[in-house]
Amino acid sequence: MTGQRRKLQKQGTRCSRAANEGKETGAEEAGDDQERGIMEGFPVELIGNILSYLDDIKDVVRASWTCRKWRVALRYLHTLCASWCASWREWDWELETENLEFVLTDTILQTMGLQKLQIHSLSSFPAAPVIAWLSHIGDSLRHLTYKLPESTPHVNVLESCARMRCLQSLDLQCLKFGDVRFVVADPTAELFPCLLSLHLSEGRVSTGELQKLVWGCQKLESLSLSYIRFSDPDFTLNLRSLSLKSLVCYFTNHHNVVLEANLLESFHLWFSIFTTFKVKTGIRFRSLQIRKSSIANLDLGNNTDCPDLEEVVVDTCEHVWATIQCFLLEPSSKLRKLQLYGIPLDGNHPVNLNLGTISFLFPCLTHLGLSYRMVGNNLPIVESQFQGSTVFEGVQFFELGYPVLDENLVLLMGRVLKICPNLKKLQVLGNNMYLSGRHSHDFMASFVALVCKFSKVDFQFKVIC
């Protein structure tokens, strides 16, 4: 009897375990069904919107493999980014040019209202798929970034984009604008009626075609030129626009440029060379940046009175200091950032911009940067710039350019801290940021004493080229 009871107890225990396992399995299956129900309840439009925020097309394609519904959701993509680089080697198959073309073509042709397209690849594509892409999305596209080597045969992407009447932002690279021809009977006709932003980089363009292109964008607000080569640099480039607000030139060279834009607010020249640059604008200037550029004759016209000026940056530029000095003689209550690097102190290009004048003309400064060109023994002249009773109450960030680390630098830093009582950050810019010899001990002793006295200030050192 005892043996039978033990058998019955074991059987009961097994049955109870099986029942519990069955309940757990049923609960898990019910949970899975519930999750599937939630996912199945998502509309395909919402899934398409979610897929649009993925950073690259490879993630979009992988997600579309999940199920048929996610595949259908590709129709509702509004943004697609296709960038092929080393990360594509992580794919399970070998992506040659034909595979890249197939993946992109198959994805784009499934969309019904694509608004933003970014294509960046080191491989060239045939002309047929490129034309197919632009033709399929031409009615809905708002923003296009196209950075591909030249197609074979050559595709005039710019001319194809001119048919996109809703295009607002255009970023093109590696285009031969010498092959572009605009047949416009009416000079006031709009080539891109809705285009607000145009960025051209690493291309070759003729002066006449660029003039016609800018004038044909009647609503253009931002123009950026990077690494542009002009086929006829001896001709004068006349850029006229009734709506242009921002111009950026990066590594762009030309002899004579005339810019007519009454609404211009931002004017930036970086690493560029011009013989003559004449600007004809109103009084809407907000930002002026000229960095490491050479302009033999810079004419800002009658734009010295700019009440809305907020930022001025001039860095190691040739032949422009006289114009900049005249430009900074008018007061501006909105100027917040002023950076002047490489101010000459020699007799050939003297610049008289003392701190007293800056403090009086720009009382709302919060970011001030000064760096003087050390030629010969002009250190006393630099030290004299920081003497006097000038006080910058609002400056919180000061950048001080100095060639070497020595006791004179600590002395200047102390004077900066004295004239800027609310300073939070002091950054020293220089070419030789290293210590050696006997002067290193003197510098460290003076600097440690200064840091202990102004413990709430953040001191930084930055090497510049």
Side-chain angles (χ1 to χ4, degrees), residues 142-143 161-162 165-172 182 184 186-201 205 207-226 228 236-250 252 254 256-270 272 274 276-291 293 295 297-314 320 323-324 326-338 362 364:
R142 300 291 187 275
H143 308 276
C161 294
R165 312 303 293 175
C166 299
L167 195 62
Q168 296 179 358
S169 176
L170 185 58
D171 184 351
L172 300 179
F182 293 112
V184 183
D186 185 4
T188 62
E190 299 185 20
L191 298 174
F192 296 90
C194 296
L195 193 64
L196 301 177
S197 174
L198 176 62
H199 181 187
L200 307 177
S201 62
V205 59
T207 300
E209 297 302 336
L210 182 58
Q211 293 176 171
K212 190 180 299 185
L213 175 61
V214 173
W215 180 251
C217 305
Q218 296 295 318
K219 295 183 179 180
L220 186 65
E221 296 182 358
S222 177
L223 175 62
S224 177
L225 305 176
S226 301
I228 294 297
T236 301
L237 175 61
N238 292 286
L239 296 177
R240 299 178 56 209
S241 176
L242 301 177
S243 58
L244 190 65
K245 296 182 179 180
S246 174
L247 174 65
V248 178
C249 294
Y250 188 80
T252 299
H254 201 281
N256 301 314
V257 180
V258 178
L259 175 63
E260 299 182 30
N262 292 329
L263 302 181
L264 191 67
E265 298 179 356
S266 179
F267 179 66
H268 295 179
L269 302 179
W270 288 48
S272 300
F274 299 95
T276 301
F277 205 118
K278 188 174 183 179
V279 182
K280 299 179 180 180
T281 69
I283 58 174
R284 296 176 176 266
F285 251 145
R286 295 180 180 273
S287 177
L288 174 65
Q289 291 190 15
I290 305 177
R291 294 180 178 268
S293 299
I295 308 175
N297 184 15
L298 176 62
D299 185 5
L300 297 177
N302 298 323
N303 303 313
T304 56
D305 185 12
C306 300
D308 296 331
L309 192 63
E310 299 176 356
E311 177 188 35
V312 175
V313 178
V314 182
V320 302
T323 303
I324 297 300
C326 296
F327 187 79
L328 294 176
L329 290 179
E330 294 295 333
S332 176
S333 60
K334 296 183 179 181
L335 189 67
R336 299 291 188 272
K337 181 178 181 180
L338 177 62
F362 315 117
C364 296

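Since we're looking at a predicted model, the values are computed, not measured.
Distance CG/Asn262 to OG/Ser243: 11.0 Å, rounded to 0.5 Å. Distance CD/Gln289 to OG/Ser266: 7.0 Å, rounded to 0.5 Å. Expressed to the nearest 0.5 Å, how far CG of Leu220 lies from SG of Cys194 amounts to 12.5 Å. Residue Arg336 holds its CZ atom at 11.0 Å from CG of Leu309, rounded to the nearest 0.5 Å. Here the straight-line distance linking atom CG of Asn238 with atom NZ of Lys280 works out to 8.0 Å at 0.5 Å rounding. From Leu195, atom CG reaches atom SG of Cys217 across 4.5 Å, with rounding to the nearest 0.5 Å.
Taking the ring pair (Phe, Tyr, Trp, His ring centres under 6.0 Å) definition, one finds that Tyr250 meets it with Tyr227, Phe271, sequence neighbours left out. For Lys337, the salt bridge (Lys or Arg N to Asp or Glu O under 4.0 Å) partners at least two apart in sequence or on another chain are Glu311. By the salt bridge (Lys or Arg N to Asp or Glu O under 4.0 Å) test, Glu265 pairs with Arg286, sequence neighbours left out.
At a cut-off of 3.5 Å, with distance as the only test, no side-chain donor of Ser197 or His199 sits close to an acceptor on the other residue.
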**Study point:** CA sep, side-chain torsions, deciding dist, call: Leu213, Leu198, side chain to side chain contact (heavy atoms under 4.5 Å, CB included)
**Key:** CA-CA 10 Å; Leu213 175 61; Leu198 176 62; 3.8 Å; yes
Exercise for review: Might you work through the side chain to side chain contact (heavy atoms under 4.5 Å, CB included) test for Leu237 and Gln211, ending with a clear yes or no?
Suggested key: CA-CA 7 Å; Leu237 175 61; Gln211 293 176 171; 3.6 Å; yes
Practice item. Go through Val205 and Leu200 one step at a time and tell me if the side chain to side chain contact (heavy atoms under 4.5 Å, CB included) criterion holds. Key: CA-CA 10 Å; Val205 59; Leu200 307 177; 5.9 Å; no
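In this pair, Phe267 and Phe277 present their aromatic rings perpendicular. The plane angle is above 60°, beyond the 30 to 60° band.
Of the possible polar contacts, one joining the Ser272 side chain to the Thr252 backbone as a donor-acceptor pair under 3.5 Å is found.
The closest side-chain heavy-atom distance from Trp215 to Leu242 is below 4.5 Å. Put simply, the side chain of Leu247 reaches to within 4.5 Å of the side chain of Cys249, judged on heavy atoms. Counting only heavy atoms from C-beta outward, the side chains of Ile290 and Leu288 approach each other to under 4.5 Å. Considering only heavy atoms from C-beta on, Leu244 comes within 4.5 Å of Leu259 through its side chain. Between Ile228 and His254 there is no side-chain heavy-atom pair separated by less than 4.5 Å.
The minimum heavy-atom distance linking Cys364 with Ser333 is given by the pair SG-O, 3.1 Å. The minimum heavy-atom distance linking Trp270 with Ser293 is given by the pair C-OG, 3.6 Å.
Exactly one of Val258, Asp299, Asn256 qualifies for a side chain to side chain contact (heavy atoms under 4.5 Å, CB included) with Thr276. That residue is Asn256.
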